[in-house]
Q: 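Structure below; questions to follow.
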2 protein chains.
Amino acid sequence: MESVAPRTSSARSRPATAEDVARLAGVSRSAVSRTFTEGASVSEATRQRVVEAARALKYRPNLMARSLMTNRSFMVGVAVSHLDNQFYPEVVEQLSDQLGAIGYRVLLFITHGNTELDPMLDELLRYRVDALILASSSLSSALAEECRQGGVPVIMFNNTDLANRTPAVAGDNTHGAAMAADFLWAAGHRRFGFIAGIEESSTSREREAGFKDALRRHGADRPMRACGHFTFDGAMAATRQLLSAPTPPEALFCTNDHMALAAIEVARSEFGLTPGRELSIVGFDDVAIAAWPGFQLTTYSQPVAHMVARTVGLVKDALAGTKDGQCHHIIQGDLIVRASARRPATGIVRTPEGQEIWRRA
Amino acid sequence: MESVAPRTSSARSRPATAEDVARLAGVSRSAVSRTFTEGASVSEATRQRVVEAARALKYRPNLMARSLMTNRSFMVGVAVSHLDNQFYPEVVEQLSDQLGAIGYRVLLFITHGNTELDPMLDELLRYRVDALILASSSLSSALAEECRQGGVPVIMFNNTDLANRTPAVAGDNTHGAAMAADFLWAAGHRRFGFIAGIEESSTSREREAGFKDALRRHGADRPMRACGHFTFDGAMAATRQLLSAPTPPEALFCTNDHMALAAIEVARSEFGLTPGRELSIVGFDDVAIAAWPGFQLTTYSQPVAHMVARTVGLVKDALAGTKDGQCHHIIQGDLIVRASARRPATGIVRTPEGQEIWRRA
DNA sequence: TTGAAAGCGCTAACAA
DNA sequence: TTGTTAGCGCTTTCAA
């Protein structure tokens, strides 16, 4: 490098501070602060001059500095295990939107289903997030207790942790899975298969229990079972395993859509079965792809927007100190009837939105 | 509520500060600070006592406070337009992972393709993020200039903004689209259709130019054209429009996979066409779903991990002050050959990973 | 309504 | 290696 770059006046200039603005406007720092604080008492005259000076200097209040005094960072930590299925991206998008609407931003953590995520969350807490939302990730009771002590509300999403008594928002796993069983039974199926998600997750366990209990009530045989670990490849393998059995199942319930879609793919491409005809497949979530013409997946819906709204409500309550007694918030869904599973003779009704859902007799 | 909840000693206790730790350990605040600062000089003895005291008090350094002195928040703002296609969730996941590996966290912004996102980004800058990554979102040159002045590096991802001279990382749009054209030409097609994304986006424009220029070189007729706006529904409509023409195209190039998948769905379910036989469809991105048995989408790949690695590299350089001359970083991909488009007689080779790709003669 | 002053929790010069 | 001191940019009493 032969020549020294000229130091243009604009280069490297540090962002304007409240002090700078105050000086230019000929007022005190406090006046500047008040101008940028909702509902503080400033005369219209000074407010005017401050705003003008701020604009001239392109002043932006430093939220980090503010948080030091207010103890509010206006950030919410969101931990999610993966973004490679269809459900969680929608959850994250909704969280970002709905938290954004009340002035909060999402600090994202992707845990990769790591069970040992305490270190990650520990780090997250250094950022002094105002709340922690755990979407399908859990934390140790020790850390949960620390959060409680530290005044950081923790809310679980689509996953519950009975031991911790941590507030949680989830779909109606038991009911949804039971509906799936009842629906398949009503369609005349008698030989069932079940594909589990992650064995340890409350979500998978509850859906399994709901499914099996309902089958038992009907007097059905125990379903065949395989584990798909909530992954696409895992579900493909699980489907192969079930469909290769000497007497394969006539109907398959998968604990989420991501796996149900994998099951459809395998059934079609490897076993030449048409879902809805030779094999019935039911999922859980009602992700966008489930409605694509090529899948037409019958599935129990999790209304993400509602679930997120409830979650954000819990965040607000917790931040406002409104202690809310109810710990687990269960959000009802519907069994959306499409073409991937045989239709029962009765019980299918059409909603005003034009969707078909199934109601028990 | 009849009884007042007992104030347990642990409840509402504010998190421990460096001061608290110092007092308990019998050292100064600086000693505590140094203990938690990489490569600071502390004797093993004091370090020991500090760590112990910190553990006892469950001390966690407050990164907000630290950032006030260091001017480093260890947060990177990531603005992404949507999470409802297949590409961006993967990008966000990679960004989170790779930034996480160098100690940075993602502060997420979802812009919903809002062209007027300056207010959003303006707000983001209040958080004093150390860098800003714009994935398929652009910002005004005014704000870009402000960022530069404020010392916040801005990097565009999968989207370029020639006017701003903002550093950008993108796939090889021109080359990829030309490859798609050459591939379809080599397969013997002569009547082409093109589905655009968002008209204003550099991504869509470059892919359109690359595709059309290549066709022109072959002496082909101008392709029929429709706009899918990068959305699934938009692409379905666009496909219907093209396939309903009196002389519909034999081959369709879509500017991303999300739209190509929509095209496959419509071609199959509404026109009874089998992609790869009666109609060839080529996409761009190579998202995970493209490889599903039911789609087998031929597409030009964008190696997300590589692209993100380059992006993170730019962030590091910018933060280290290593000014990097090259402004647009173009990452090469491959034309992944699957079954959604007719195969040319020559040029298909198998990679060591077992994937088929196409090389021009 | 306004400004002065104290302080949020931390780091970084500077002496010791 | 350590402690003291002076801030980082902001909010918030407290008097005026």
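Within every chain, numbering begins at 1; the chains are lettered A, B, ... in the order of the sequence lines, protein sequences first and strands thereafter. No hydrogens, no waters, no symmetry mates; every other heavy atom, side chains included, goes into these values.
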Q: If every non-hydrogen atom of A:Ala170 is compared with every non-hydrogen atom of A:Asn159, which pair is closest and at what distance?
A: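 Heavy-atom minimum between the residues: CB-N, 4.4 Å.
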Q: Measure CG/A:Leu68 against P/D:dT12 and give the value in whole Å, please.
A: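 A:Leu68 atom CG is separated from D:dT12 atom P by 12 Å.
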Q: Just call it for B:Thr46: base, sugar-phosphate, or nothing, with non-hydrogen atoms closer than 4.0 Å on any strand.
A: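 Counting heavy atoms under 4.0 Å across all strands, the contact made by B:Thr46 is with sugar-phosphate only.
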Q: With sugar-phosphate meaning primed atoms plus P, OP1 and OP2, does B:Val32 contact a base, only sugar-phosphate, or nothing at under 4.0 Å between heavy atoms?
A: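 No contact at all - B:Val32 keeps every heavy atom at 4.0 Å or more from the nucleic acid.
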Q: Kindly say whether, by distance alone, the side chain of A:Arg34 makes a donor-acceptor pair under 3.5 Å with the base of C:dG3?
A: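 When only heavy-atom distances are counted, A:Arg34 does reach the base of C:dG3 through a donor-acceptor pair under 3.5 Å.
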Q: Side-chain contact, heavy-atom cut-off 4.5 Å: A:Pro61 with A:Arg66?
A: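 They are in side-chain contact.
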Q: Rounded to whole angstroms, how far apart are CZ on B:Arg128 and C1' on D:dC10?
A: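 Computing the B:Arg128:CZ to D:dC10:C1' distance gives 11 Å.
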Q: From D:dC8, D:dT2, D:dC10, pick the nucleotide closest to the side chain of A:Met69?
A: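 Between D:dC8, D:dT2, D:dC10, the one nearest the side chain of A:Met69 would be D:dC10.
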Q: Roughly how far, to the nearest 0.5 Å, is CG of B:Leu134 from OG1 of B:Thr160?
A: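 The OG1 atom of B:Thr160 sits 12.0 Å away from the CG atom of B:Leu134.
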Q: In terms of relative ring orientation, are B:Tyr104 and B:Phe74 parallel, tilted or perpendicular, with 30° and 60° separating the classes?
A: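 Geometry flag for B:Phe74 against B:Tyr104: tilted rings.
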Q: Base, sugar-phosphate or nothing for A:Phe36? Non-hydrogen atoms, less than 4.0 Å.
A: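 Nothing, no heavy atom under 4.0 Å.
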Q: For DNA chain D, whose closest nucleotide is more 5', that of A:Ala16 or that of B:Val42?
A: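 The residue whose closest nucleotide sits nearer the 5' end is B:Val42.
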Q: Which whole-number value in Å describes the distance from B:Arg60 CZ to C:dC10 P?
A: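 Rounding to the nearest Å, CZ of B:Arg60 and P of C:dC10 are 12 Å apart.
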Q: Once you apply a heavy-atom cut-off of 4.0 Å, does A:Ser33 come out as touching a base, just sugar-phosphate, or nothing?
A: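 Since a base atom lies under 4.0 Å of A:Ser33, the category is base.
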Q: Phosphate oxygens OP1/OP2 of C:dC10: is one of them under 4.0 Å from a side-chain N or O of B:Tyr59?
A: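 Affirmative; the distance criterion is met.
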Q: CZ of B:Arg66 versus P of C:dC8: gap in Å, rounded?
A: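 In whole Å, C:dC8 P lies 19 Å from B:Arg66 CZ.
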Q: Of the listed nucleotides (D:dC10, D:dG3, D:dA6), which one gets closest to any side-chain atom of B:Ala31?
A: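 Of the options given, the side chain of B:Ala31 lies nearest D:dG3.
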Q: What's the CZ-P distance between B:Arg72 and C:dA12, to the nearest Å?
A: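 That distance rounds to 12 Å.
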Q: For A:Asn62 and D:dG9, what is the distance between atoms CG and C1' respectively, to the nearest whole Å?
A: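 Distance, rounded to whole Å: 6 Å.
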Q: Compare the minimum distances between each of D:dG3, D:dT1, D:dC10 and the side chain of B:Ser28, then state the nucleotide with the smallest one.
A: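 Of D:dG3, D:dT1, D:dC10, D:dG3 is nearest to the side chain of B:Ser28.
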Q: Applying a 4.0 Å non-hydrogen cut-off, can you work out what B:Thr17 is touching in the nucleic acid: base, sugar-phosphate, or nothing?
A: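 Contact class for B:Thr17: sugar-phosphate only.
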Q: Assess, by modelled atom type and distance only, whether the side chains of A:Gln48 and A:Glu44 contain a donor and an acceptor separated by less than 3.5 Å.
A: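 A pair is found: one side chain offers a donor N or O, the other an acceptor, under 3.5 Å apart.
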Q: Let me know, please, whether B:Ser30 or A:Glu19 comes out on the 5' side of the other along DNA chain D by nearest nucleotide.
A: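 This one resolves to B:Ser30.
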Q: Specify the separation, in whole Å, of atom CZ of B:Arg29 and atom C1' of D:dT4.
A: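 Taking CZ of B:Arg29 and C1' of D:dT4, I get 9 Å after rounding.
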Q: Is the phosphate of D:dG9, meaning OP1 or OP2, less than 4.0 Å from a side-chain N or O of A:Arg14?
A: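 The answer is yes; a side-chain N or O of A:Arg14 sits under 4.0 Å from OP1 or OP2.
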Q: If only side-chain N and O atoms of B:Ser43 are considered, is one of them under 4.0 Å from the OP1 or OP2 phosphate oxygen of D:dT2?
A: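 For B:Ser43, the contact criterion (side-chain N or O under 4.0 Å from OP1 or OP2 of D:dT2) is met.
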